[in-house]
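Taking it in order: structure first as structure tokens, then the write-up.
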Amino acid sequence: MIGDEGGAPALVREATIAALAARDEGLPDDGLLPALQQAFGVGSAPALARAVNDTPTPENWGPRAIAVFAAADAGSALAVEVVERAADQLAVLVDRLVRRGAVGNSVVVAGSVIANQPRLFAALSARVAAAHPSLDVVLLEDSPVAGGVELARRLVAGG
């Protein structure tokens with residue numbers, strides 16, 4: 001699952017790596033590991049590793065992203081760090097587009113995670129504002145497929 005910056009599967013993958021690494025290093029539990037264990041319905045760190053690795057699909061990982069945000073909201077520094085890194089990765093994508101000559105006044109974002117998790121939206125907005133003060137970050141309010149439908153209508157009307 002390459003290229004899923006800020007997406008639910010990426011957040012779960014990175015949170016699982018962070019939680020298991022913290023456990024392996026003997027760091028105190030800050031709530032992320034038990035949140036992930038509960039989300040996957042397992043009772044131990046090894047069982048979590050198996051649950052994640054045995055079925056490495058977006059369908060298995062994605063729905064559990066809410067546990068990462070819940071852990072962050074409950075005070076897990078590890079979960080907050082995972083969300084912040086996702087925002088960093090998304091901001092890098094914006095930087096690349098700007099360097100490649102993209103023009104406009106807005107960065108339009110869409111997707112169920114960023115639309116439903118204000119923590120990620122705010123983190124990305126802050127990064128874009130710091131790096132590109134002339135750009136606004138706007139949450140797409142229409143269904144992402146609406147643009148494709150509109151393009152099809154224009155093609156039919158013009159041809």
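- Taking all atoms of both residues into account, the shortest heavy-atom contact from Leu33 to Ala45 is CD2-CB, 4.2 Å.
- Of all the heavy atoms in Ala51 and Asn60, the pair that sits closest is O-ND2, 3.0 Å.
- The minimum heavy-atom distance linking Ile66 with Pro63 is given by the pair CG2-O, 3.9 Å.
- A salt bridge links Asp4 with Arg13: at least one charged nitrogen is closer than 4.0 Å to a carboxylate oxygen.
- Counting heavy atoms from C-beta outward, Leu140 and Val109 have side chains that stay 4.5 Å or more apart.
- Taking every heavy atom of both residues into account, Pro133 and Ala130 meet most closely at CD-O, 4.4 Å.
- For Leu135, the CG atom sits in a packed shell: over 12 heavy atoms of surrounding residues, nucleotides or ligands are nearer than 6.0 Å.
- Panel note: side chain Arg50, backbone Pro46; no donor-acceptor pair is recorded below 3.5 Å.
- Atom-to-atom distance recorded for Ile114:CD1 and Leu90:CG is 5.5 Å, nearest 0.5 angstrom.
- Following chains of ILVMFWY side-chain contacts shorter than 4.5 Å, one can reach Val128 starting from Leu139, so the two form part of one hydrophobic cluster.
- Distance CD/Glu5 to CG/Asp88: 12.0 Å, rounded to 0.5 Å.
- Each of Val68 and Val80 belongs to its own hydrophobic cluster when Ile, Leu, Val, Met, Phe, Trp and Tyr are linked at side-chain heavy-atom distances under 4.5 angstrom.
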- Task: Tell me, with the steps shown, if Phe69 and Val82 meet side chain to side chain contact (heavy atoms under 4.5 Å, CB included).
- Result: CA-CA 9 Å; Phe69 290 97; Val82 167; over 6 Å; no
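- Residues Thr16 and Trp61 have side chains not in contact (no heavy-atom distance under 4.5 Å, counting atoms from C-beta outward).
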- Applying side chain to side chain contact (heavy atoms under 4.5 Å, CB included), run through Leu97 and Leu93 and close with a yes or a no. CA-CA 6 Å; Leu97 290 170; Leu93 295 177; 5.5 Å; no
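- The backbone N or O of Ala39 sits less than 3.5 Å from a side-chain atom of Arg64, completing a donor-acceptor pair.
- With values rounded to the nearest 0.5 angstrom, Leu32 atom CG is found 10.0 Å from Gln37 atom CD.
- The main-chain N or O of Gly31 is found under 3.5 Å from a side-chain atom of Asp29 such that the two form a donor-acceptor pair.
- Leu124 is not listed as a side-chain neighbour of Val107, based on a closest heavy-atom distance of 4.5 Å or more.
- When all heavy atoms of Val83 and Leu11 are compared, the pair lying nearest together is CA-CD2, 4.3 Å.
- Minimum interatomic distance between Ala71 and Ala35 (heavy atoms only, all atoms of both residues): CB-CB, 4.0 Å.
- At a cut-off of 3.5 Å, with distance as the only test, a side-chain donor of Ser76 or Asp30 sits close to an acceptor on the other residue.
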- Item | Worked check of salt bridge (Lys or Arg N to Asp or Glu O under 4.0 Å) between Arg119 and Glu84 | CA-CA 9 Å; Arg119 178 183 292 274; Glu84 294 290 324; 5.5 Å; no
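- Heavy atoms of other residues, nucleotides or ligands lying less than 6.0 angstrom from CD of Gln38 number 12 at most.
- Shown here is Asn105, whose CG atom has no more than 12 heavy atoms of other residues, nucleotides or ligands within 6.0 Å.
- With hydrogens and angles ignored, the 3.5 Å screen pairs a side-chain donor or acceptor of Asn53 with a backbone N or O of Ala49.
- Looking only at side-chain heavy atoms (C-beta outward), Val113 and Phe121 stay at 4.5 Å or farther from each other.
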- Give the intermediate values and the outcome of side chain to side chain contact (heavy atoms under 4.5 Å, CB included) for residues His132 and Asp95. CA-CA 8 Å; His132 308 283; Asp95 294 341; 2.6 Å; yes
